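The structure presented is a predicted model; accordingly, all values stated were derived computationally and were not measured.
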Amino acid sequence: MAKWGQGDPRWIVEEREDGTNVNNWHWTERDATSWSKGKLRELLVGIAVENETGHCEVSELKQVEGEASCSSRKGKLIFFYEWNIKLGWKGIIKESGAKHKGLIEIPSLSEENEVDDTEVNVSKKKGDGDILKDLMKTAGTAKVREALGDYLEALKTEFTMGMILPTKAMATQELTVKRKLSENTLQIQTSSPVALGVRIPTVALHMTELFDTAVEQLYRIFTVKDLVQKFSKSPAVLEAEKGGKFQMFDGNITGEYIELLTNKKIVMKWRCRNWPEEHYATVALNFVPTLGQTELQLDCKGVPVCKEENIKFCWQKQHFEEIKGLLQLTTLNG
């Protein structure tokens, strides 16, 4: 019997306080539905085909129903996806200038079939224009299938970044590579730094909120340490200047100020403690004065897909609602 901590590393599952899936043993699952809908729209809308008789393009994503997910177990990825997709297309006959519209229906894109075998049906509204329909049934269908293949490739690469965590053996190899890179950097000072991390799928958030206060007061709440501590109900560290650092909610939120335009705009590098190491989102706060109120416009880019709902909750509940409570308290005490 092997001693504790020895033996084949594939069978070693460590207990970690942070819940890290060491050696990729545990079953983990990630919902790819929302990400997939955006990716399908990105890849399919705008597809264009043309010949000597006409020009056609996919003009809109009318329907995308279904779901997708990715699971990891023992270092292997398992994909599930099932989609029913309807696209709108439009075209023009070059000689006459006549315009026509139609539909492209993909009733079942799933892991059970190869992309080349996936059913793609092209139809057109009543009337002339069959030459455009034929163009979409041939060249158009080929391009649609190509885009579906690109989606599946992105699902298996882009979306799954970070799902297979480094094992101890991989970590040792990375350390060796890192040392070699350091040695090479010393020898060739012009070499570019090499990133050893992995890219993770991210989303962008946009939120707006109205506050019953002047723009100057709302701006101060985000930049004055005492006021930040009051609405967050926790110690904070703030250096409200370009390049200055900040830390809030007992260190759960940290970052750096990139730009500050007094009473107008704040741009920050922003991260949660439980995000992948060294990964930051970019948060922009725009302060827009309205009649007796201030509209706060928040744009947050680079949020890990799996943390989207958590970040929405963080801003809505722990920032916006707490700030409104502080403003009401200030008004009453005033």
Tyr81 and Glu67, any side-chain heavy atoms less than 4.5 Å apart: no
What are the two closest heavy atoms between Trp89 and Leu103, and how far apart are they? NE1-N, 3.2 Å
salt_bridge(Glu322, Lys233) N-O dist < 4.0 Å: yes
Donor-acceptor under 3.5 Å (Asp150 side chain, Glu153 main chain): no
Is it true that Lys143 and Glu146 make a salt bridge, defined as a side-chain N closer than 4.0 Å to a carboxylate O? no
Side-chain (Ser59) to main-chain (Gly88) donor-acceptor, under 3.5 angstrom: yes
Value rounded to 0.5 Å, distance of CD1 in Ile221 from OG in Ser232: 11.5 Å
Closest non-hydrogen atoms of Arg145 and Val115, given as atom of the first, atom of the second and distance, are O-CG1, 3.2 Å
Quick one: does any side-chain atom of Glu111 pair with a main-chain N or O of Phe80 as donor and acceptor, under 3.5 Å? no
Answer yes or no: is there a donor N or O on one side and an acceptor on the other, between the side chain of Thr254 and the main chain of Gly251, under 3.5 Å? no
Roughly how far, to the nearest 0.5 Å, is the CG atom of Asp130 from the NE2 atom of His100? 8.5 Å
Side chain to side chain, Pro304 and His279, heavy atoms closer than 4.5 Å: yes
Would you say Glu209 and Lys324 make side-chain contact, with heavy atoms under 4.5 Å? yes
Which label fits His319 and Trp270: parallel for a plane angle under 30°, tilted from 30 to 60°, or perpendicular past 60°? tilted
Decide side chain to side chain contact (heavy atoms under 4.5 Å, CB included) for Leu298 and Thr208; before the verdict, give the C-alpha distance in whole Å, the side-chain angles of both, and the deciding distance to 0.1 Å. CA-CA 6 Å; Leu298 179 146; Thr208 60; over 6 Å; no
Applying side chain to side chain contact (heavy atoms under 4.5 Å, CB included), name anything that partners Lys301, two or more places apart in sequence or on another chain. Ala204
Interatomic spacing from CD1 in Ile92 to OG1 in Thr53 - rounded to 0.5 Å: 12.0 Å
Taking Glu239 for the side chain and Lys245 for the main chain, is one N or O donor matched with an acceptor at less than 3.5 Å? yes
With under 30° as parallel and over 60° as perpendicular, where do the rings of Phe320 and Phe211 fit, or are they tilted in between? perpendicular
Thr282 meets the side chain to side chain contact (heavy atoms under 4.5 Å, CB included) criterion, sequence neighbours left out, with Val267
Got a salt bridge between Glu60 and Lys90, using NZ or NE/NH1/NH2 to carboxylate O under 4.0 Å? no
Is there a side chain to side chain contact (heavy atoms under 4.5 Å, CB included) between Ile93 and Ile131? Walk through the geometry before answering. CA-CA 8 Å; Ile93 299 175; Ile131 54 176; 3.9 Å; yes
Can you tell me how the ring of Tyr257 sits relative to the ring of Phe246, calling it parallel under 30°, perpendicular over 60° and tilted otherwise? tilted
Does atom NZ (Lys94) have a neighbourhood of more than 12 heavy atoms from anything else shown, all under 6.0 Å? yes
Ile253, Tyr280: one ILVMFWY side-chain cluster at the under-4.5 Å cut-off? no
Going by heavy atoms in the side chains, are Leu227 and Arg220 under 4.5 Å from each other? yes
Nearest heavy-atom neighbours spanning Leu327 and Gln217: CD2-CG, 4.0 Å
Would you mind reporting whether Lys264 and Asn286 have side-chain heavy atoms less than 4.5 Å apart? no
Within the 4.5 Å heavy-atom criterion, are Phe287 and Lys265 side-chain neighbours or not? no
Gln316 vs Glu321 side-chain heavy atoms within contact, under 4.5 Å: yes
Examine distances only and state if a side-chain atom of His55 and a backbone atom of Ala48 form a donor-acceptor pair shorter than 3.5 Å. no
Tell me if a side-chain donor or acceptor on Thr33 pairs with a main-chain N or O of Ala68 at a distance below 3.5 Å. yes
Can a salt bridge be assigned to the pair Glu278 and Arg271 using a cut-off of 4.0 Å between side-chain N and carboxylate O? no
Kindly give the heavy-atom pair with the smallest separation between Ala32 and Leu155, and that separation in Å. CB-CD1, 3.8 Å
Can you tell me how far CG of Asn84 sits from CG of Leu109, rounded to the nearest 0.5 angstrom? 10.0 Å
Check Glu308 with Lys312, please: is the shortest side-chain N to carboxylate O separation under 4.0 Å? yes
When you look at Gln229 and Lys225, which way does the side chain to side chain contact (heavy atoms under 4.5 Å, CB included) test go after all the steps? CA-CA 6 Å; Gln229 291 184 150; Lys225 177 180 175 180; 3.4 Å; yes
Sequence neighbours left out, what passes side chain to side chain contact (heavy atoms under 4.5 Å, CB included) with Lys39? Give chain and number order. Trp35, Glu42, Leu43, Tyr151, Ala154, Glu158
Walk me through whether Lys156 and Phe79 qualify under side chain to side chain contact (heavy atoms under 4.5 Å, CB included). CA-CA 8 Å; Lys156 295 174 182 179; Phe79 297 93; 3.5 Å; yes
Rounded distance (nearest 0.5 Å) linking atom NZ of Lys99 with atom SG of Cys56: 13.0 Å
Side chains of Asn121 and Glu105 only: does a donor on one sit below 3.5 Å from an acceptor on the other? no
Can you tell me which residue among Leu260, Leu261, Leu296 is in a side-chain contact (heavy atoms from CB on, under 4.5 Å) with Tyr219? Leu260
Distance check, rounded to the nearest 0.5 Å: Ile78 atom CD1 versus Ser69 atom OG? 9.5 Å
Just by distance, do the side chain of Thr294 and the backbone of Thr290 share a donor-acceptor pair under 3.5 Å? no
Using distance alone, with no hydrogens and no angle criterion, decide if Glu295 and Gln297 have a side-chain donor and acceptor under 3.5 Å apart. yes
Please give me the minimum heavy-atom distance between Pro201 and Arg30, naming the atom from each residue. CG-NH1, 3.7 Å
Count I, L, V, M, F, W, Y as connected when their side-chain heavy atoms are under 4.5 Å apart, and connections chain through other members. Are Val45 and Leu135 then in the same cluster? yes
Do Thr141 and Met136 have side chains that get closer than 4.5 Å, going by heavy atoms? no
For Asn113 and Ser110, indicate whether the former's side chain and the latter's backbone hold a donor-acceptor pair under 3.5 Å. no
For Leu326 versus Lys230, what's the shortest heavy-atom pair and its separation? CD1-CB, 4.0 Å
